[in-house]
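What follows is a single structure, written as C-alpha cells, with notes after it.
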Amino acid sequence: MKIATWNVNSVKARLPNVLAWLKDATPDVVLLQETKTLDDAFPRVEFEDIGYNLALHGQKTYNGVAILSKHPIDDVSRGLPGDPEDQEARYVEAFTGGMRVASVYVPNGQEIGSDKFAYKLKFLGRLARHTEALLRQEEPMVIGGDYNVAPFDIDVYDPAAWEGQVLCHPDERAALRRLLHLGLTDAYRAKHPTAHRWSWWDYRAGAWPKDHGLRIDHLLLSPQAADRLKGADIDRAPRGAEKASDHTPVWCEIAL
DNA sequence: ATGGTCGCGCTGCGA
C-alpha cells in the first residue's frame, strides 16, 4: 500500500498537476488538503476515470480535505470530534484497503498569540484525544496531512531565522509531540533519520529556487502500520512544475 | 527587503 499526502492549494487550480502525479506515482491512497471547493464542485469524474474512489469533506474558498483510494472506501466520518462549534473542513477519516486513514489540515495559526494560534493548539489537542481513541482499535492506520508544524530544527532550512515563529513555536511543537508520544511514527523521519528535506516552500521571496523550505507535511503511523513500513520519501518534483502547489507530496509504503 | 506570491472571487483575506 502506497499512501501519499499532499496539500494541493485548490484541487481545481491544481487538477492537471495532481492527475499527472497520480499517473506517475500510482499511490493506492492519497490524502489531500486545501481542496478549497464544495463537494458538489469537486472534479470527481477526473479522479474516478483513473481508478480512484473518493471521500470528500469540502468547503467553499478555504480548507477542504479528501481521501482518494483505489480500494473501496467505507466508514467515512467528516470533521474532527471535540468542538461542535468548529465549522472548518479540516478532517476526514475512513477505512480503505485494510487500513484506517485520515486526511488532516491543521490550522496555520497565522501569528503567535492570535485567536487563530489558540485554535491551532486546541485543534492539535482535539486530534490527540481522537487519535487516542483510534489507537485503541489496534489497526494499521495512517493519519496524514499538513500539520503546519516543523517538528524539530532539522526540519527547517534556517532554524535561527524561524526560532519562535509560527510553524516552529515551542507550544505547537509540544502539541505535535503530545500526539506523537501516543505511539505514532513519523514515516519520513523513521526512514531518513538525519535528512534535511522539506515538504513546503513559500511562494514568496524565491523560496523554492533557494530551497528555503520546511517539513510540515507528515504521515503519522500507528504501531501496526509502522511495523510494516517499507519506505517513505518526499517527491520534490511536483513543486518544480508549472503552476505548482506550495507543498509537494510525501508518501510511504506499507506492506499489509 | 518590515516585502515577497499564490488562490479565491471581486475586496481583501488566508496562507
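What you see is a predicted model, and the numbers here were worked out from it, not measured in a lab.
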List, by chain and number, the other hydrophobic cluster members for Ile154(A), where Ile, Leu, Val, Met, Phe, Trp and Tyr join if side-chain heavy atoms come within less than 4.5 Å, directly or indirectly.
-> Phe152(A)

Going by distance alone, is a donor N or O of one side chain under 3.5 Å from an acceptor N or O of the other, for Tyr119(A) and Asp86(A)?
-> yes

Answer yes if the side chains of Asn7(A) and Glu34(A) hold a donor-acceptor pair under 3.5 Å, and no otherwise.
-> yes

Does any pair with a residue in residues 44-55 of chain A pass salt bridge (Lys or Arg N to Asp or Glu O under 4.0 Å), and if so which ones, sequence neighbours excluded?
-> Arg44(A)-Glu48(A)

Using atom P of each nucleotide, how far apart are dG7(B) and dG3(B) to the nearest Å?
-> 22 Å

Answer with yes or no whether the side chains of Ser199(A) and Asp217(A) bring together a donor and an acceptor at under 3.5 Å.
-> yes

For Trp162(A), the rest of its hydrophobic cluster, which grows through side-chain links under 4.5 angstrom | Ile112(A), Phe117(A), Leu121(A), Val156(A), Tyr157(A), Val166(A), Leu167(A), Trp198(A), Trp200(A), Trp201(A), Trp208(A), Leu214(A), Ile216(A)

Nearest-Å distance, CH2 (Trp201(A)) to C1' (dC6(B))?
-> 16 Å

Return the polar atom pairs (N/O with N/O) between nucleotides 13-15 of chain B and the protein under 3.5 Å, or none.
none

Please list each protein N or O that sits under 3.5 Å from an N or O in nucleotides 1-3 of chain B, with the distance.
none

When you check the side-chain N and O atoms of Lys116(A) and Asn108(A), is any donor under 3.5 Å from an acceptor?
-> no

Using the ring pair (Phe, Tyr, Trp, His ring centres under 6.0 Å) rule, collect all pairs that involve residues 19-57 of chain A, keeping only residues at least two apart or in two chains.
-> Trp6(A)-Trp21(A), Phe42(A)-Phe47(A)

When rounded to the nearest Å, what value does the distance between P atoms of dG12(B) and dA1(B) take?
-> 29 Å

